Amino acid sequence: MIYSMSLLTLIWGIHFFRESSIIVNIIIYFIFTPLTFYLGYYLKNKHVFYKIIYPVFLVLIGVYGFTNLWYYTTNFNSRVNYNSPIMNFHNNEVRIDTIKNEVIVLDYWTTSCGVCFKKFPEFEKLYLKYKENPNVKLYAVNIPIKRDTFGSAKKMIEKYNYQFPVLYSDSDTIPKQLGFNKYPHLIILKNGKVRYNGYPALGEDNLFVNSLDDEIELLLKE
């Protein structure tokens with residue numbers, strides 16, 4: 001019992017610092033937790049080899065399994081193919097939804113989104129990777145919130161001196177049209193079509209599914 005509980009505490013600790021979803025929590029607390037106790041009891045009289053493998057297996061699940069499961073369940077229906085709404089931004093002359101033959105990545109953020117700012121350095125790395133590729137464009141798109149004053153978002157992000165371009169929306173009309181209200185959120189367009197509407201992984205270690213880099217490469221190959 002003590003053996004299983006110490007391992008579970010480690011797993012819960014790993015899980016505590018990672019993003020979660022209802023499905024992942026159900027699996028952890030209603031399936032994984034009782035299964036851990038059952039296996040611990042089952043292995044108490046088994047060969048020492050199995051007792052060594054057991055904690056290694058649990059830690060691997062904690063490090064790799066939950067994160068991959070979260071991204072998979074969160075982005076289960078994110079690959080889509082439908083007409084984009086009109087996308088005008090007051091600091092951009094070209095309508096984003098009219099651009100042809102380019103993969104366009106829009107990283108939506110707000111000034112109150114701490115995770116957005118945490119992810120910006122990784123978005124910058126991705127931008128620099130594709131900077132010289134004429135078929136890929138990456139933009140951070142600000143959505144104003146009620147407490148924002150004029151130009152506050154611009155001042156907030158400019159102090160970091162990122163190279164990726166930032167677009168500024170006048171309202172949350174586009175997020176409402178595309179059905180999301182949580183940030184950060186990624187939209188990928190190609191030829192006037194929304195091809196991805198979700199939250200693919202950006203700069204995540206130990207991840208095998210739903211990488212933003214992979215989604216871009218997939219659309220480039222079409």
Side-chain angles (χ1 to χ4, degrees), residues 19-24 27 65-110 113 115-116 118-120 122-144 164-204 206-222:
E19 293 163 299
S20 187
S21 67
I22 293 175
I23 294 176
V24 173
I27 291 174
F66 297 148
T67 302
N68 282 272
L69 182 62
W70 185 87
Y71 275 101
Y72 178 77
T73 56
T74 300
N75 296 282
F76 183 71
N77 293 315
S78 292
R79 287 178 182 168
V80 294
N81 191 350
Y82 50 76
N83 291 331
S84 169
I86 294 173
M87 290 192 174
N88 283 316
F89 302 98
H90 65 74
N91 64 322
N92 194 63
E93 296 180 358
V94 180
R95 260 181 55 185
I96 296 295
D97 58 294
T98 63
I99 298 174
K100 302 295 183 182
N101 302 316
E102 292 180 4
V103 176
I104 302 171
V105 180
L106 304 176
D107 179 11
Y108 283 83
W109 64 282
T110 68
C113 174
V115 176
C116 299
K118 181 180 177 182
K119 294 289 185 180
F120 280 152
E122 296 299 331
F123 193 70
E124 174 84 340
K125 291 178 184 178
L126 196 64
Y127 169 76
L128 294 175
K129 175 181 177 179
Y130 289 104
K131 184 179 180 181
E132 304 303 323
N133 189 331
N135 298 315
V136 181
K137 296 290 187 296
L138 288 90
Y139 301 91
V141 181
N142 174 255
I143 298 297
F164 57 75
V166 182
L167 302 176
Y168 298 92
S169 186
D170 292 320
S171 68
D172 62 351
T173 300
I174 293 175
K176 286 179 178 178
Q177 290 176 320
L178 294 176
F180 67 90
N181 58 12
K182 294 182 179 180
Y183 303 91
H185 193 89
L186 274 290
I187 297 293
I188 305 179
L189 305 179
K190 186 175 182 181
N191 295 325
K193 301 279 189 179
V194 177
R195 300 303 306 276
Y196 201 95
N197 183 350
Y199 184 36
L202 184 60
E204 285 283 349
N206 310 322
L207 197 74
F208 308 110
V209 297
N210 299 106
S211 163
L212 177 54
D213 206 340
D214 289 344
E215 298 301 328
I216 293 173
E217 292 297 325
L218 187 65
L219 289 172
L220 283 175
K221 292 176 182 177
E222 288 187 347

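Please read all numbers here as calculations on a predicted model, not as lab measurements.
Every residue meeting the ring-ring contact (aromatic ring centres under 6.0 Å, His included) condition with Phe180, not counting sequence neighbours, appears here in chain and number order: Tyr108, Tyr183, His185. In this structure, the side chain to side chain contact (heavy atoms under 4.5 Å, CB included) partners of Asp213, at least two apart in sequence or on a different chain, are Leu126, Lys129, Tyr130, Ser211, Glu217. For Lys182, there are no salt bridge (charged side-chain N to carboxylate O under 4.0 Å, His left out) partners, not counting sequence neighbours. Residues meeting the side chain to side chain contact (heavy atoms under 4.5 Å, CB included) test with Lys193, sequence neighbours left out: Asn81, Asn83, Arg195. Qualifying side chain to side chain contact (heavy atoms under 4.5 Å, CB included) partners for Arg79, counting only residues two or more places apart in sequence or in other chains: Tyr196, Glu215, Leu218. By the side chain to side chain contact (heavy atoms under 4.5 Å, CB included) test, Asn92 pairs with Phe89, Val94, Ile96, Leu167, sequence neighbours left out. Evaluation of the salt bridge (charged side-chain N to carboxylate O under 4.0 Å, His left out) rule for Lys131 yields no partner, not counting sequence neighbours.
What you find for Asn191 and Asn101 is that their closest heavy atoms are OD1-N, 2.5 Å. In this structure, Gly198 and Ser78 approach most closely via the heavy-atom pair CA-OG, 3.5 Å. Here the closest non-hydrogen pair linking Leu138 and Val136 is CD1-CG1, 3.5 Å. Nearest heavy atom pair, residue Val194 against residue Ser84, reads CG2-CA, 3.7 Å. Minimum heavy-atom separation, Cys116 to Pro184: SG-N, 3.5 Å.
Ion pairing of Lys119 with Glu122 is absent here, as no side-chain N (NZ or NE/NH1/NH2) approaches a carboxylate O to less than 4.0 Å.
With contacts defined as side-chain heavy-atom distances shorter than 4.5 Å, the pair Met87/Val141 does not qualify.
The main-chain N or O of Leu178 is found under 3.5 Å from a side-chain atom of Asn197 such that the two form a donor-acceptor pair.
A side chain to side chain donor-acceptor pair (under 3.5 Å) check over residues 165-177, counting only residues at least two apart or in different chains, returns the pairs Ser171-Thr173.
For the atom pair CG of Leu186 and CH2 of Trp109, the computed distance is 14.5 Å after rounding to the nearest 0.5 Å. Here CG of Asp97 is found 12.5 Å from CD1 of Ile187. Values are rounded to the nearest 0.5 Å.
Each of Ile216, Leu219, Asn135, Leu189 was evaluated against Ile104; a single residue qualifies, Leu189, per the side chain to side chain contact (heavy atoms under 4.5 Å, CB included) test.
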Task: Evaluation steps, side-chain contact (heavy atoms from CB on, under 4.5 Å), between Tyr199 and Val115 - done: CA-CA 12 Å; Tyr199 184 36; Val115 176; 3.7 Å; yes
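Enclosure of atom CD in Glu222 by more than 12 non-hydrogen atoms of other residues, nucleotides or ligands within 6.0 angstrom is indicated.
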